[in-house]
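When a residue number appears, it is its place in the shown sequence, counting from 1. All ligand and atom numbering here is 1-based and tracks the order in the structure.
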Amino acid sequence: MKDIKVLWFRQDLRISDNPALYEASKTGNILPIYIYDNKNSKEYDMGSASRCWLYHSLNSLNNALENKLSFYIGEPINILRELINEYQVNQIYWNRCYEPWRINRDKNIKEELRSSNIEINTFNGSLLWEPWETLKDDGTPYRVFTPYYRKGCSKANPPRKPLSKPNTLNLIADNKHSVKLDKLGLLPKISWNKKIMRHWVCGESAAQNRLNDFVNEGLTGYKEGRNFPRKNNVSRLSPHLHFGEISPNQIWYAAKENNDCASNDKDHFMSELGWREFSHSLLYHFPELPYKNLQSKFDLFPWNHDEKKLEAWRHGKTGYPIVDAGMRELWQTGYVHNRIRMVVGSFLVKNLLIDWRYGERWFWDCLIDADLANNSASWQWVAGCGADAAPYFRIFNPITQGNKFDSTGTYTRRYVPELEKLPDKYLFSPWEAPDEVLSTANIELGVNYPQPIVAASDSREMALAAFASIKKENV
Ligand SMILES: Cc1cc2nc3c(=O)[nH]c(=O)nc-3n(C[C@H](O)[C@H](O)[C@H](O)COP(=O)(O)OP(=O)(O)OC[C@H]3O[C@@H](n4cnc5c(N)ncnc54)[C@H](O)[C@@H]3O)c2cc1C
């Protein structure tokens with residue numbers, strides 16, 4: 001067979017609005033491949049929850065590609081070379097990825113293959129704006145969101161309109177070197193994943209359905225409703241977006257072109273997509289974002305690491321119901337509502353004084369939407385050490401947050417059922433409930449629900465003192 005192009009799927013697991021696939025499909029035949037690269041990723045290898053999602057997403061993509069998607073595991077350059085030799089390939093297509101390790105790897109692959117006269121065609125399939133295009137007038141990257149977004153969003157520079165599915169796809173499969181999807185080792189040996197995956201449907205069609213449902217039912221009221229974890233005003237598109245089952249362009253235009261919805265809700269939702277772009281821009285320009293404080297004065301921060309407290313936080317046993325609900329939502333569903341991500345993050349960093357990087361790693365392993373740019377930038381934001389971060393002295397009070405954003409207790413009681421019968425008045429501070437109230441609600445603190453592992457007010461004072469100590473250093 002002649003004119004075979006390799007289409008390397010990576011974080012773009014969809015057929016519609018896929019610029020690399022669209023271009024590659026114009027002539028000739030396509031050999032679609034997915035490589036699970038566990039060689040170059042090192043400490044950024046996907047977490048357990050992400051790997052589960054990936055398995056189901058690949059399965060869905062393979063079905064959509066007439067079961068012609070070929071799977072591999074290992075060093076991409078070796079696999080590509082094998083395919084080039086076997087099928088006389090002279091063109092490779094992919095959509096660009098933006099994690100530092102993938103950028104380095106892809107750069108090396110491009111250089112090596114181009115020197116062997118292989119044509120490499122790369123496209124933007126996952127961002128509204130390339131990170132190297134949205135820069136300040138002096139050519140340096142933005143560190144503050146609002147001017148970044150204003151520039152990215154300027155009328156002169158609208159995001160690319162989504163592409164349709166290719167009209168025809170002449171697909172071929174490699175049955176010689178590929179392995180079965182099951183051999184990528186994505187699913188865990190103990191099947192905890194089934195519990196998480198009950199909450200989700202993976203793949204491109206599911207992502208499009210989610211978008212339609214959200215635009216029709218959740219977008220109106222988004223601006224306010226997005227703060228309340230019991231409401232259906234958030235899209236829950238983040239895992240679909242991370243794996244590229246849907247593009248930001250498809251989401252952007254679906255929201256923008258919805259005429260039934262008030263512009264403040266639409267604008268706010270689109271600006272959250274803007275935060276995703278901003279995080280990617282930060283990661284691109286500051287590749288140390290996942291592990292290094294962007295504000296170096298935080299390098300001297302006197303963390304107070306305590307393994308027992310960290311374990312209690314991880315497993316939703318801090319004695320603070322809104323924090324425990326969030327951490328158990330994470331464990332049970334692989335997702336946490338944004339408001340609650342901020343609450344649990346603030347609690348770890350500012351009430352427990354545990355380094356944000358422990359939180360970032362736990363999220364990396366447990367989130368189905370774990371995303372290096374969004375996760376690192378958001379943790380730095382919560383800790384106060386990032387670009388455009390929440391000021392350090394903004395400490396989320398877990399009791400006030402609970403009363404304000406889960407006033408009916410619907411969300412908290414769903415994930416912390418042992419508090420089901422506790423009246424709303426004490427739901428977010430059970431230790432304040434009189435003995436007879438606790439006993440009527442069948443709660444014995446320290447026995448079937450933990451005593452608080454720190455006192456919120458004391459720990460707040462400690463956090464402020466720790467912050468004052470680094471401010472003095474004036475680094
Ligand atoms: C400590 C912490 C860790 C986080 N880790 C991740 C992560 O690993 N992966 C991830 O995708 N998001 C992360 N976020 C950002 C945000 O919480 C999620 O993107 C959001 O909750 C996903 O739900 P949604 O799709 O319903 O959001 P929606 O409100 O419907 O927003 C639509 C999309 O906009 C983007 N978005 C929304 N809020 C943010 C934000 N604050 N920063 C960047 N992009 C945003 C997401 O892609 C999201 O899917 C984190 C936030 C915090 C505070």
Side-chain angles (χ1 to χ4, degrees), residues 11 44 46-47 49-50 53 99 126-128 145 148-149 199-200 207 210-211 213-215 217-219 221-229 231-252 254-255 265-266 268-283 289-290 313 323 326-327 329-330 333-350 356-390 394 396 401:
Q11 289 170 312
Y44 301 114
M46 262 171 269
S50 301
W53 186 286
E99 294 168 14
S126 43
L127 291 178
L128 298 173
F145 173 72
Y148 165 85
Y149 184 58
H199 299 271
W200 303 94
R210 186 86 279 281
L211 175 63
D213 288 351
F214 170 71
V215 167
E217 289 157 26
L219 187 53
Y222 177 81
K223 189 168 189 242
E224 284 303 313
R226 66 184 286 272
N227 283 306
F228 299 90
K231 294 193 177 176
N232 281 332
N233 282 114
V234 289
S235 71
R236 292 175 179 260
L237 282 165
S238 49
H240 299 290
L241 251 175
H242 172 76
F243 287 97
E245 295 171 356
I246 193 162
S247 72
N249 308 61
Q250 290 173 316
I251 302 175
W252 176 274
D265 286 325
K266 289 202 280 195
H268 203 98
F269 177 68
M270 288 154 75
S271 78
E272 293 302 327
L273 293 173
W275 272 100
R276 175 179 181 270
E277 298 290 313
F278 183 54
S279 303
H280 280 78
S281 169
L282 287 176
L283 181 62
L289 184 75
W313 177 82
V323 175
M327 296 312 289
E329 180 185 21
L330 174 61
T333 71
Y335 173 92
V336 191
H337 184 277
N338 180 60
R339 161 73 37 193
I340 308 298
R341 290 186 205 210
M342 295 193 288
V343 172
V344 301
S346 171
F347 187 81
L348 181 79
V349 174
K350 296 178 183 174
W356 61 270
R357 284 160 278 223
Y358 286 95
E360 187 255 346
R361 279 283 107 186
W362 186 247
F363 271 29
W364 181 257
D365 201 34
C366 299
L367 278 174
I368 42 155
D369 65 16
D371 181 276
L372 198 61
N374 284 353
N375 199 33
S376 318
S378 299
W379 273 101
Q380 293 230 22
W381 183 90
V382 166
C385 56
D388 200 6
R394 183 171 170 207
F396 284 73
Q401 290 286 313

Can an N or O of [X] be found at a distance shorter than 3.5 Å from an N or O of ligand 1?
X      : result
Trp379 : no
Tyr335 : yes
Arg226 : no
Leu237 : yes
Ser279 : no
Asn375 : yes

Out of Ile368, Val349, Asp369, indicate the one that has the non-hydrogen atom closest to atom 7 (C) of ligand 1. Asp369

Looking only at non-hydrogen atoms, which of Gly345, Ser238, Ser378, Ala383 approaches atom 48 (C) of ligand 1 most closely? Ser238

Partner set under salt bridge (charged side-chain N to carboxylate O under 4.0 Å, His left out) for Arg210, not counting sequence neighbours: none

With Arg276, which residues qualify under salt bridge (charged side-chain N to carboxylate O under 4.0 Å, His left out), at least two apart? none

Residue-level breakdown please: for [X] versus ligand 1, do any non-hydrogen atoms fall below 4.0 Å on the side chain, on the backbone, on both, or on neither?
X      : answer
Asn338 : both
Ile251 : neither
Trp381 : neither
Phe363 : side chain
Tyr222 : side chain

Can you list the atoms of ligand 1 that are under 4.0 Å from a heavy atom of [X]?
X      : value
Arg236 : 24 (P), 25 (O), 26 (O)
Ala370 : 8 (O)
Leu241 : 47 (O), 49 (O)
Arg276 : 43 (C), 44 (N), 47 (O)
Asp371 : 7 (C), 8 (O), 9 (N)

Pair Tyr335 and Trp200, ring centroids less than 6.0 Å apart: yes

